[in-house]
**Q** 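After the structure tokens below, expect a handful of questions from me.
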Protein chains: 2
Amino acid sequence: MDIFSTLQDEKARLSPSENRIADILLNDFEFAVNASIIELAEKADVSPPTVTRFCRRLGCESFSDFKVQLARTAYVGMRYLKPEPKSTNPGDVAQDIITKAQNALFLLHRSLDLAAIELAAERLSRADMIYAFGSGGNSSMIANELQNRLFRFGLHVTASSDHGMQLMMAAAAKSTDVLIGSSFSGRNGELVRAFTLARESRVTTIALTQSNSPVAQVAEIVVPIDLQEGSNIFRPTSTRIAYLAVVDILASLVAYAIQPKAAVALRRIKQQLVAHRDGDDRQLLGD
Amino acid sequence: MDIFSTLQDEKARLSPSENRIADILLNDFEFAVNASIIELAEKADVSPPTVTRFCRRLGCESFSDFKVQLARTAYVGMRYLKPEPKSTNPGDVAQDIITKAQNALFLLHRSLDLAAIELAAERLSRADMIYAFGSGGNSSMIANELQNRLFRFGLHVTASSDHGMQLMMAAAAKSTDVLIGSSFSGRNGELVRAFTLARESRVTTIALTQSNSPVAQVAEIVVPIDLQEGSNIFRPTSTRIAYLAVVDILASLVAYAIQPKAAVALRRIKQQLVAHRDGDDRQLLGD
DNA sequence: TCCCTTATTAAAATTCTTTTCATGATCGGT
DNA sequence: ACCGATCATGAAAAGAATTTTAATAAGGGA
């Protein structure tokens, strides 16, 4: 577990002096990782022993252990306390985007519901047919991605971003099928309808969405993904990266669950692709 | 700049003793970040002053500064030295995938050609019409993503993953248009043809691909993305995440270049979406 | 109010880190 | 092969930083 979550958890129970130390960590992090215990103590207006105790309280061996933990967490975890890009020049924008993406992954990792993912993977790997639904630029990409990943293992999958088709497919699905749907906002009413319909025939329904959202409420298995977008309206990507990572995890688990079948299918696809190009075997599966 | 690249650069010039220290960092990193200078010196079979000198050589103030730098870089940067997932249980798979994704972003950030990106963004923002091409599950997703991002700014874009259409569109494009194509492998022969055709009419051509690949060779502007996939054939995702991040950067720079126009278009799209749902304004742009 | 618990620190002890200086090795040029 | 210069290294000393100890202060009930 990392320091910042511990800090969040403990902050209320901290004494006034310790709170001053915590504040420095949160506000002037750069200073904190570089300072000696004495400097830090001075800045917080406490004595060095208080700092040592503070570190121990947060689960560290010693002050230097604490600094290492801090630095380690911070590379990724800290940045979300400093929200916006410094300027619109390419270097800063790139840095900001990449940091946000790494953060999204970091937060995702922390909040993953592994049990749900495992269950979802298990159902997917046994499905007679898989329907992957999602609409709007983001979720439809996820639906396509699911198709793209799963068909390679020899599974039967189709993706749709068309509400009408989704409803018809949901109505036609059987109890041995799986419907997996993505909704970033959790408020895709049509998807809710499709899920509801599918559950009437006891089709397994899996939702990748925000927990406690309308979509989450109607799905049998919910893989919660709770990340809020940064306030910059131009940029919805980091959440998508998190979704992609979840799909990746799901697909990998499915692959492991059905190893032999998947390997055969993959080999065939690969041969097909290589024949179609110039025989370079090192290329990707697909482009 | 981070310690690991410095280490890579310097390693050849290091003395034998210093090399032993470097080896410990690379092989037993966990030990290294937690050890005191004395422990580290002992393990490397050198004296503490040698360690101090080693740290200075790598550009750090002191040993403790060095440890902080190390820990900071390591959270993301270090992991790629330990390649494969430990097991196929969900926790390990998730950890492995997320680490790889973060690494892909980390390596991408290091190798970004900002000048090329800036130039590409500038051309995109002035284009009369943008054609986004890509085939195969991965690149076609990127093409769609480009469309999805750019149309929101009021630009004219179309994406295609169909070779025939691509050729026709490339033939029809004018010199005020921009053709942007993605190829993970760089060996998409049809895309090469489309690029070649487009350049005959002096259409601006932008490639997101591996440097020095066939696709890169025919494009006017190359945004190089050079990451090799891990050896696990089940998993091509982390490269895609890097491509997505590049698209994100490009799209953001385009947005900044054409601010007012983009903001208006976005507002309209947002109203449309909100009206269509249940009026919750906090949701994403699209699902 | 008094006593107990907890928080805090000054000072001492300890441990870690760096500097200094001396030694040994290496290398290029005679 | 020899010499001198440069570099690498470590022992010991000096200097910091950190932790422990033990004593004080500050709250919070009985």
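A note on names: the letters A, B, ... follow the listed sequences, proteins ahead of strands, and every chain is numbered from 1.
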**Q** Using a 4.0 Å heavy-atom cut-off across all strands, classify A:Val46 as base, sugar-phosphate, or nothing.
**A** sugar-phosphate
**Q** Tell me: CZ of B:Phe63 to P of C:dT19, nearest whole Å?
**A** 14 Å
**Q** What nucleotide, of D:dA17, D:dG10, C:dA10, holds the atom closest to the side chain of A:Pro49?
**A**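 Per side-chain heavy atoms of A:Pro49, the pick is C:dA10.
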**Q** To the nearest Å, give me how far apart CD1 (A:Ile38) and P (C:dC16) are.
**A**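 That distance rounds to 16 Å.
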**Q** Between the side chain of B:Thr209 and the main-chain N/O of B:Ser183, is any donor-acceptor distance below 3.5 Å?
**A**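 Yes, B:Thr209 side chain to B:Ser183 backbone: donor-acceptor pair under 3.5 Å.
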**Q** Determine the contact category for B:Asp45: base if any of its heavy atoms lies under 4.0 Å from a base atom, sugar-phosphate if only primed atoms, P, OP1 or OP2 are that close, otherwise nothing.
**A** sugar-phosphate
**Q** Under the criterion side chain to side chain contact (heavy atoms under 4.5 Å, CB included), I'd like the reasoning laid out for B:Asp248 against A:Ile241: C-alpha separation, chi angles, the key distance, then a yes or no.
**A** CA-CA 11 Å; B:Asp248 199 2; A:Ile241 284 179; over 6 Å; no
**Q** Angle class for the B:Phe184/B:Tyr243 ring planes (parallel below 30°, perpendicular above 60°, tilted otherwise)?
**A** parallel
**Q** Nearest whole Å is fine: how far is C:dT8 P from A:Arg57 CZ?
**A**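 Atom-to-atom, A:Arg57 to C:dT8, this comes out as 9 Å.
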**Q** For D:dA17, take OP1 and OP2 only and decide whether either is under 4.0 Å from a side-chain N or O of B:Ser64.
**A** no
**Q** Expressed in angstrom and rounded to an integer, what is the separation of A:Leu40 atom CG from D:dA17 atom P?
**A**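 After rounding, the gap between these two atoms is 13 Å.
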**Q** From CD1 of B:Ile21 over to P of C:dT17, roughly how many Å is that when rounded to an integer?
**A** 13 Å
**Q** Nearest-Å distance, CG (B:Leu14) to C1' (C:dT26)?
**A**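 The answer, rounded to whole Å, is 17 Å.
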**Q** Any side-chain N or O of B:Thr50 under 4.0 Å from OP1/OP2 of D:dG10?
**A**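 Yes, B:Thr50 has a side-chain N/O under 4.0 Å of OP1/OP2 on D:dG10.
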**Q** Let me confirm one number: the CZ-CD1 distance from B:Arg149 to B:Ile142, rounded to the nearest 0.5 Å.
**A**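 One gets 11.0 Å once the value is rounded to the nearest 0.5 Å.
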**Q** Which nucleotide wins on minimum distance to the side chain of A:Ser36, given the candidates C:dC16, D:dG10, D:dT18?
**A** D:dT18
**Q** For A:Asp28, is there an ion pair with A:Lys43 - N to carboxylate O distance below 4.0 angstrom?
**A**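 A salt bridge is present here (some side-chain N lies under 4.0 Å from a carboxylate O).
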**Q** Within this structure, what is the CG-to-C1' distance between B:Asp65 and C:dC16, rounded to whole angstrom?
**A**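 Result: 16 Å.
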**Q** For B:Ser15 and D:dT9, is the shortest distance between a side-chain N/O and OP1 or OP2 below 4.0 Å?
**A**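 Indeed, a polar side-chain atom of B:Ser15 lies that close.
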**Q** Would you say A:Thr52 reaches D:dT19's phosphate, i.e. side-chain N/O to OP1/OP2 under 4.0 Å?
**A** yes
**Q** CZ of B:Arg56 versus P of D:dT9: gap in Å, rounded?
**A** 16 Å
**Q** Taking only N and O in the side chain of A:Ser62, is any of them less than 4.0 Å away from OP1 or OP2 of D:dT19?
**A**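 For D:dT19, OP1/OP2 do have a side-chain N/O of A:Ser62 under 4.0 Å.
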